[in-house]
2 protein chains.
Amino acid sequence: MSDHPPFAVTVDVVLLTIRAGELSALVVRRGEAPYRGRWALPGGFVRPDEDLDAAAARELREETGLRHGFHLEQLRTYGAPRRDPRMRTVTVAYLALAPDLTSPVASTDAAEAEWRPVDALLSARPGLAFDHGRILGDALERARAKLEYSPLAAAFCPEEFTIGELRRVYETVWGTAIDPRNFHRKVSKTPGFLVPTGETTTRDGGRPAQLFRRGSLDLLNPPLTRG
Amino acid sequence: MSDHPPFAVTVDVVLLTIRAGELSALVVRRGEAPYRGRWALPGGFVRPDEDLDAAAARELREETGLRHGFHLEQLRTYGAPRRDPRMRTVTVAYLALAPDLTSPVASTDAAEAEWRPVDALLSARPGLAFDHGRILGDALERARAKLEYSPLAAAFCPEEFTIGELRRVYETVWGTAIDPRNFHRKVSKTPGFLVPTGETTTRDGGRPAQLFRRGSLDLLNPPLTRG
DNA sequence: TCAAAAGTGTTAATTCTACACCCATGT
DNA sequence: ACATGGGTGTAGAATTAACACTTTTGA
């Protein structure tokens with residue numbers, strides 16, 4: 001009880017978005033051993049004076065330039081003794097959801113980061129570096145589960161979005177079809193979920209659709225420090 | 001990205017049970033500074049060659065003698081820079097649920113461990129040592145939420161239990177009254193939840209009640225390593 | 001015989017689900 | 001005009017909630 005062996009502590013971020021109708025994750029190509037050339041989750045060491053949530057937000061910012069408009073939550077911590085062959089490392093994994101970032105892909109980090117469909121990443125052989133395949137699988141499971149009971153899906157949408165766009169998020173993440181009429185009724189009747197902007201758009205074709213913003217009383221960017 | 005400052009990594013366990021009609025947690029009295037004399041969650045350092053789940057199970061065993069019949073899951077990881085004034089420590093918190101352990105309270109550990117009602121622990125001033133008050137609060141929230149959509153409540157019951165006893169678990173954890181008739185129908189019609197033993201008991205008074213065991217296809221002791 | 005808890009039946013309110021139908025735009 | 005997606009109405013199914021009522025024990 002008196003020895004405290006040193007560990008390296010890292011954060012890894014599973015950043016999910018929807019691109020071209022596919023649920024995709026941001027991955028980086030590893031340039032050095034181990035797992036050289038394989039895809040890995042973006043992440044890095046927690047700094048000496050940095051909280052875990054702050055470290056995850058920093059990694060996300062370094063890879064994408066994102067400073068706000070995303071959802072970030074702690075997922076789970078992984079610490080199997082030999083998960084990193086170089087040293088004893090414990091990683092705190094985070095789940096992040098963001099809209100399709102076609103504009104601000106400006107990565108300040110040197111590593112080449114790319115979007116890949118989650119399905120492809122999970123089924124590819126060889127898989128992701130380290131235990132990142134399992135982390136990605138857990139993140140996918142969490143994301144799917146949370147859509148059911150939280151207004152989280154709107155985190156995948158741009159600032160202003162239509163109900164049809166929001167529905168396509170659910171359909172993409174779950175891989176199922178949803179009745180557009182019932183979905184419309186359900187979300188538009190949930191108080192505080194959607195805030196109408198008063199504007200309309202025809203970008204999805206057909207009759208003009210109302211534009212909404214995420215409700216302010218939701219779970220997006222929940223207090224990172226809950227006092 | 002090339003420095004990896006050393007961290008101490010610990011596990012802390014929130015072990016909940018129901019004693020005398022109150023939701024209670026196992027806490028230990030701290031014998032040394034910091035927070036000398038205050039209640040803390042049982043926990044300790046992760047060993048150099050030990051997985052996180054294994055460390056949590058070991059701590060639980062050392063404090064209670066429990067080897068099986070409990071539920072154990074990772075809760076969340078806490079790593080604020082100055083959460084332990086002695087050194088930079090990251091703790092992986094676990095949530096454990098167990099039946100009332102009147103018999104096997106045999107602690108192999110030296111620290112004096114006691115059961116305390118969760119309400120009292122959360123409202124007492126001064127509160128728990130370190131950030132353990134917040135951890136306990138998060139654990140309570142998780143436990144309440146999981147009762148809603150998982151068969152977890154049975155983890156608080158002894159090996160054989162009646163439906164009324166199971167109902168009292170929900171009523172204690174949530175602090176609400178539940179209609180006994182509807183509750184009976186609901187749980188007895190959920191396939192795989194309860195396994196009838198064929199025995200009955202009158203220990204709760206009134207008409208004899210059927211005894212059940214936890215269904216085997218449930219979430220208790222889920223695979224600690226999910227392959 | 002009475003209190004207490006187990007267990008069943010019934011009904012009304014509510015919530016899902018499927019689908020008919022109309023609306024307002026671009027082409 | 002017509003295809004396309006947006007949006008409303010409605011009827012039946014399924015689920016929930018409230019509560020009357022019977023059963024089987026201990027005291």
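Letters go in sequence order (proteins before strands), and every chain restarts at 1.
Listed nucleotides D/dG5, D/dT25, D/dT10 differ in distance to A/Asp204; the shortest reach to its side chain belongs to D/dG5. The side chain of A/Gln210 lies closest to D/dG7 when the candidates are C/dG9, D/dT24, D/dG7. Distance from the side chain of B/Ala209 is smallest to C/dA6 among D/dT25, C/dA6, D/dT8. Looking at the side chain of B/Asn182, the nearest of the listed nucleotides D/dT25, C/dT25, D/dA17 is D/dA17.
Panel note: side chain B/Trp174, backbone B/Arg144; a donor-acceptor pair is recorded below 3.5 Å.
Exactly one of B/Leu101, B/Leu15, B/Thr17 qualifies for a side chain to side chain contact (heavy atoms under 4.5 Å, CB included) with B/Leu26. That residue is B/Leu15.
Within 4.0 Å of B/Arg203, counting heavy atoms only, lies no atom of the nucleic acid at all.
Following rounding to the nearest Å, B/Lys189 (NZ) and D/dT16 (P) show an atom-to-atom distance of 11 Å. Between the P atom of C/dT15 and the CG atom of A/Asp179 lies a distance of 19 Å, rounded to the nearest Å. In this structure, B/Glu199 places its CD atom 14 Å from P of D/dT25, rounding to the nearest Å.
Within the 4.0 Å cut-off from OP1 or OP2 of C/dA6, at least one side-chain nitrogen or oxygen of B/Arg167 is found. Residue B/His184 has a polar side-chain atom (N or O) positioned under 4.0 Å from OP1 or OP2 of C/dG7. A sub-4.0 Å separation between OP1 or OP2 of D/dG6 and a side-chain N or O of A/Arg168 is present.
The base of C/dG9 sits with one of its N or O atoms less than 3.5 Å from a complementary donor or acceptor on the side chain of B/Arg185. Between the side chain of B/Arg207 and the base of C/dA6, a donor-acceptor pair under 3.5 Å is found.
Looking at which nucleotide of DNA chain D each of A/Arg181 and A/Gly206 is closest to, the 5′-most match is held by A/Gly206.
Between the side chains of A/Tyr94 and A/Asp53, at least one donor-acceptor pair of N or O atoms lies under 3.5 Å.
Taking the charged nitrogens against the carboxylate oxygens, B/Glu165 and B/Arg203 do have a contact shorter than 4.0 Å, which makes a salt bridge.
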